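Counting starts at 1 for both ligands and their atoms, following the listed order. Being a predicted model, the structure only gives us computed values, none of them experimental.
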Amino acid sequence: MESIPVIAYVLVAVVVLGLLGLVLLRGPKAPRGGYPSTRDPDDPVQAPGDLRPGTAEAPPEEPAPRLERPESAASRMARLRGRLARSNSVFGKGLLALLSRDRIDQDVWDEIEETLLLADLGTDATTELVEALQRRVRVEGTNDPAHVKAMLREELLRLVDPAMDRSLAVDRKGPLPAVVLVVGVNGVGKTTTVGKLARVLVAEDKDVLLGAADTFRAAAADQLATWGARVGVPTVRSDVEGADPASVAHDAVSAGIEQEADVVLVDTAGRLQNKAGLMDQLGKIKRVVEKAAAVDEVLLVLDATTGQNGMTQARVFAEAVHITGIVLTKLDGTAKGGIVVAIQRSLGVPVKLIGLGEGPDDLAPFEPEAFVDALLD
Ligand SMILES: Nc1nc2c(ncn2[C@@H]2O[C@H](COP(=O)(O)OP(=O)(O)OP(=O)(O)O)[C@@H](O)[C@H]2O)c(=O)[nH]1
């Protein structure tokens, strides 16, 4: 009979311990009426990044899209001059070596001519340069490298023509934005150039708006909108694949007027079968846009690596629309910098911008002196 009180003691002990455990595990009680919602001045400030699930009083906020800051003009130019020199100095250094020889006979002149032609300078400019050099070597009779370099620099600069106006018309005209049409065949780097140019203009504090009038390929509009979004620039596009490019271009310029943009950049399609089709389409885009605002620049984008092919394209576009400037892309991947001279001569239109890589800030204004120096340094 002694076992009954022992079991009772054990049961009582278990119940008492259980109740004690419950009381200890409940923690402190909230004050009556809850906590005040305002912070005390000495409360630690919690940074938004410190909010952890379960500890935050407010739901975590949507992170604002992080806008990129385009590279400054000074840093971009220093970097790109170096890149231009690396890809094109083969041509300049070759010429310098040939002209510094003790004796410059006909074989050497032939080699000089070949070097110039290989760099895509074109036959007229090559003949002109060789004749000018022959004359100077005869008169000045020197093979001193520094003198030869100065002579070559002067002659190349003359061909590149520093007197051409290479400024871009990207300033507002009273209540209207500047309008820039960008044309060229597909694959030359047109959309990329529009994206890069938007960044250059944003870095200059301009309000930019993009128009995706390349309506043949939905991905082209997506690509353009992505470039714009990275630097906070809106893109006007059509949701309909194959929509009328002229109408999209017009909508973009109208939106630019409404939103008081400084510049509207319009990317056009390059997928055109023949000259008549090209003329029709570019002519129509220009006419329709000009109902809203004048077109200030028509930039033709050409791929520097395509040589004669690029020259043919340039001529066809120049017949279809009045080109005001050339953008030469992919100059980083070629030693054929002479194409600058050939195109300018053929069209009478200046190279205004050059593309020197696939990076977002790899677009530079074309500067004749820096270009020639990059060839010779
Ligand atoms: N290396 C180098 N690549 C470039 C340059 N500019 C453009 N590209 C590349 O060229 C390719 C074609 O560029 P896009 O901008 O899509 O060409 P697009 O002319 O708009 O072509 P579509 O949209 O098909 O009409 C891309 O891979 C670019 O990164 C440049 O200056 N240097």
> Is it true that Arg81 and Glu367 have a side-chain N and a carboxylate O under 4.0 angstrom from each other?
Replying inline: yes

> Are Thr126 and Glu113 linked by a side-chain donor-acceptor pair shorter than 3.5 Å?
Replying inline: no

> Counting from 1, what ligand 1 atoms have a heavy atom of Asp332 closer than 4.0 Å?
Replying inline: 1 (N), 2 (C), 30 (C), 31 (O), 32 (N)

> Charged N to carboxylate O under 4.0 angstrom, Arg79 versus Asp361?
Replying inline: no

>> My understanding is that we take every heavy atom of each candidate and find the minimum distance to atom 5 (C) of ligand 1. Doing that for Gly184, Gly357, Gly195, which one comes out nearest?
In response: Gly357

>> For Glu128, is there an ion pair with Arg158 - N to carboxylate O distance below 4.0 angstrom?
In response: no

> Quick one: which ligand 1 atoms are inside 4.0 Å of a heavy atom on Gly355?
Replying inline: 31 (O)

> Among Val180, Val301, Leu224, whose side-chain contact (heavy atoms from CB on, under 4.5 Å) with Val194 holds?
Replying inline: Leu224

>> Only heavy atoms of Val185, strictly under 4.0 Å: list the atoms of ligand 1 that pass.
In response: 19 (O)

>> Under 4.0 Å from a heavy atom of Leu356: which atoms of ligand 1 are those, numbered in the order shown and with their elements?
In response: 31 (O)

> Is a salt bridge present between Lys196 and Asp362, judged by a nitrogen-to-oxygen distance below 4.0 Å?
Replying inline: no

> Looking at Thr191, which atoms of ligand 1 are within less than 4.0 Å of one of its heavy atoms?
Replying inline: 15 (O), 18 (P), 20 (O), 23 (O)

> Any idea which atoms of ligand 1 are less than 4.0 Å away from a heavy-atom of Asp214?
Replying inline: 23 (O), 25 (O)

>> Counting only heavy atoms, tell me which of Lys190, Arg217, Lys330 gets closest to atom 31 (O) of ligand 1.
In response: Lys330

> Does any N or O atom in Thr193 lie less than 3.5 angstrom from one in ligand 1, N or O only?
Replying inline: no

